[in-house]
Every structure is written in C-alpha cells, then in structure tokens.
Amino acid sequence: MARISPLAKADWSAEMTTFIDGFRTAVLGDAVNDDRPAGANLLGTFARHPALAKAFLTFNGHLLYGSTLSARQRELLVLRVATVQQSDYEWAQHVSLAEDAGLRPEEIARIVKGPQAPEWSSAERSLLAAADELLADGVVSGDTWRDLAREFTDQQLMDLVFTVGTYGLMAMALRSFDVTPDPDLVRYLPGGR
C-alpha cells in the first residue's frame, strides 16, 4: 500500500487538472497517445502537491521533449537509473518510451548488465558508465568525461547529467512514496511482475 495514496483524477484540484491537461497538450501536441500507460498513480500522487508537481513536471518536460540528447540516449539513461536505483515503477513507465525510441527488446534487457556488456557502441557504453558513476559518486569520472566529450556537445553533456539526476530523484520519490504500478504498467515490470 502506498505511503502517500494517489488522488483519483476526479478529486484533483482545478489547478492540477488544468496544469496536467495543458502540460500534455503543450509537450505532446497531436502526439498524445491514449494507448500509452498514463502513470495514473504517479500523477495522482503528484496531485497531492500541485505546486511541486507544476515545478517538477515543467522541468521534466525539457528532459522528455526538449533535450539535446536523442530519445534513445535519454531512455538508455533513464532505464539504467531505474535499474541501479531499483525502481520498478520507473522502469515500467519507460520501457514503452524506450520501445518508441527504437530500442529493441534485447537492448532493453541488456541495460541491466550495464556498460560492461560488449554489444554497446562506445558512445552508449560511456552514457551508461556516466549514469553509474553519477549515481555512485555524484560525478562523472575524468576518463568517462573524456570519452563522452568526443561524442557529445556541451549541451548534451549537461542534459545527460540533469537526466540522470532527475530520474534518480524520481526513483527515490517513487520508492519512498511506495507508488504502486498501475495495471497498464504491470506487463512492463522487470520479470513481468
């Protein structure tokens, strides 16, 4: 049972309802896909604190839809964070986004092995290593930074660090609040739990 129970959408404040509707339209436009898992329990938990939700989701919108990283690169990072932080909800929420970004099922499964898996390109191996280092030490090592700087612009490197930091924070929140995966996320849980 969740430590902070999500509000049903019918109980959201007018402020929260207006913000989420506008947010989805602004960042997704015509790409709104009602078949995608909606993250109802996460949004319902956010609805308990509309001011926080608005600030966080506005920033998160940049990482999801304005980042200089490709969607594939972003999802590699997010799924690695979910693995390392043991956030099943975050993992499940982003598997479908990773599929949309072109990651194949075997690549998604390989993220669990981390940067040591030999099948990764050098750039992807460096991204995964950076995620691991940021989560373990709070900094990208000199060797990994040099490798990344050969492949990525300064803006991409900044988006990388903020992506890992943001999804690390999200994983902490999801686990601390004990947000229960929604029924439409269950098939994406690690091991199909």
Side-chain angles (χ1 to χ4, degrees), residues 1-13 15-21 23-24 27 36-67 69 73-98 101 108-109 111-115 127-140 158-193:
M1 181 170 193
R3 292 174 172 171
I4 298 177
S5 60
L7 282 177
K9 190 167 184 179
D11 297 327
W12 291 7
S13 67
E15 175 188 21
M16 183 69 182
T17 300
T18 300
F19 172 74
I20 291 297
D21 289 347
F23 176 78
R24 294 187 78 199
V27 298
R36 173 180 309 289
N41 285 342
L42 175 59
L43 290 177
T45 303
F46 267 126
R48 296 265 181 204
H49 197 335
L52 172 66
K54 289 167 64 175
F56 179 80
L57 293 174
T58 298
F59 174 71
N60 189 231
H62 166 76
L63 300 176
L64 287 172
Y65 307 107
S67 175
L69 296 172
Q73 292 161 344
R74 179 195 68 224
E75 293 309 317
L76 280 172
L77 291 170
V78 174
L79 290 175
R80 185 61 188 162
V81 170
T83 298
V84 173
Q85 300 287 73
Q86 302 175 36
S87 176
D88 290 352
Y89 194 110
E90 187 167 82
W91 174 271
Q93 186 81 50
H94 281 268
V95 165
S96 66
L97 295 174
I108 293 170
I111 291 169
V112 174
K113 296 179 182 175
L127 286 172
L128 296 170
D132 285 5
E133 291 167 5
L134 284 165
L135 294 170
D137 305 322
V139 65
V140 178
M158 293 174 73
D159 279 331
L160 180 166
V161 172
F162 277 89
T163 298
V164 172
T166 300
Y167 283 92
L169 169 65
M170 180 58 73
M172 285 187 252
L174 287 163
R175 291 189 64 204
S176 295
F177 305 156
D178 201 14
V179 178
T180 305
D182 311 281
D184 57 0
L185 285 179
V186 170
R187 68 185 171 121
Y188 298 111
L189 288 171
R193 288 177 277 165

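Because the structure is a prediction, the values reported are computed rather than measured. Basis for what follows: all heavy atoms, side chains included, without hydrogens, waters or symmetry-related copies.
- Put simply, the side chain of W12 gets close to the backbone of L7: a donor and an acceptor are under 3.5 Å apart.
- Interatomic distance, D184 CG to Q93 CD, rounded to the nearest 0.5 Å: 8.0 Å.
- Taking CZ of R48 as the reference point, atom CG of D11 lies at 8.5 Å (rounded to 0.5 Å).
- Of all the heavy atoms in L79 and I108, the pair that sits closest is CD1-CG2, 4.2 Å.
- Summarising the geometry of P50 relative to S13, their closest heavy-atom pair is CG-OG, 3.8 Å, with the distance given to 0.1 Å.
- A distance of 5.0 Å separates CG of L77 from CG of L160, quoted to the nearest 0.5 Å.
- Rounding to the nearest 0.5 Å gives a distance of 4.5 Å between CG of L63 and OG1 of T166.
- Using a 4.5 Å heavy-atom threshold, the side chains of D159 and Q73 count as separate.
- Residue Y167 comes nearest to L64 through the heavy atom pair OH-CD2, 3.3 Å, listed as atom of the first residue, atom of the second, then distance.
- Of the options L185, N41, T45, a side-chain contact (heavy atoms from CB on, under 4.5 Å) to T180 is made by N41 and by none of the others.
- Annotation: side chain of K54 is in contact with side chain of E15 (closest heavy-atom distance under 4.5 Å).
- Considering all non-hydrogen atoms of both residues, R80 and I111 come closest at NH1-O, 3.0 Å.
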Would I4 and H49 count as a side chain to side chain contact (heavy atoms under 4.5 Å, CB included) if you check the C-alpha gap in whole Å, the side-chain angles of each, and the deciding distance to 0.1 Å? CA-CA 11 Å; I4 298 177; H49 197 335; over 6 Å; no

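- The line from OG1 of T83 to NZ of K113 is 12.5 Å long, rounded to the nearest 0.5 Å.
- Under the 4.5 Å side-chain criterion, counting only non-hydrogen atoms from C-beta, M1 is not in contact with D178.
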Using the side chain to side chain contact (heavy atoms under 4.5 Å, CB included) rule, take V112 and W91 through it: C-alpha gap first, then chi angles, then the decisive distance, then the call. CA-CA 11 Å; V112 174; W91 174 271; 4.1 Å; yes

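- Rounding to the nearest 0.5 Å gives a distance of 5.5 Å between CG of L69 and OG1 of T163.
- Smallest separation of non-hydrogen atoms from G39 and D182: CA-OD2, 3.6 Å.
- The aromatic rings of F46 and F56 lie parallel to each other, their planes meeting at an angle below 30°, with 60° marking the opposite boundary.
- Contact between L57 and F23 at its shortest, heavy atoms only, is O-CE1, 3.0 Å.
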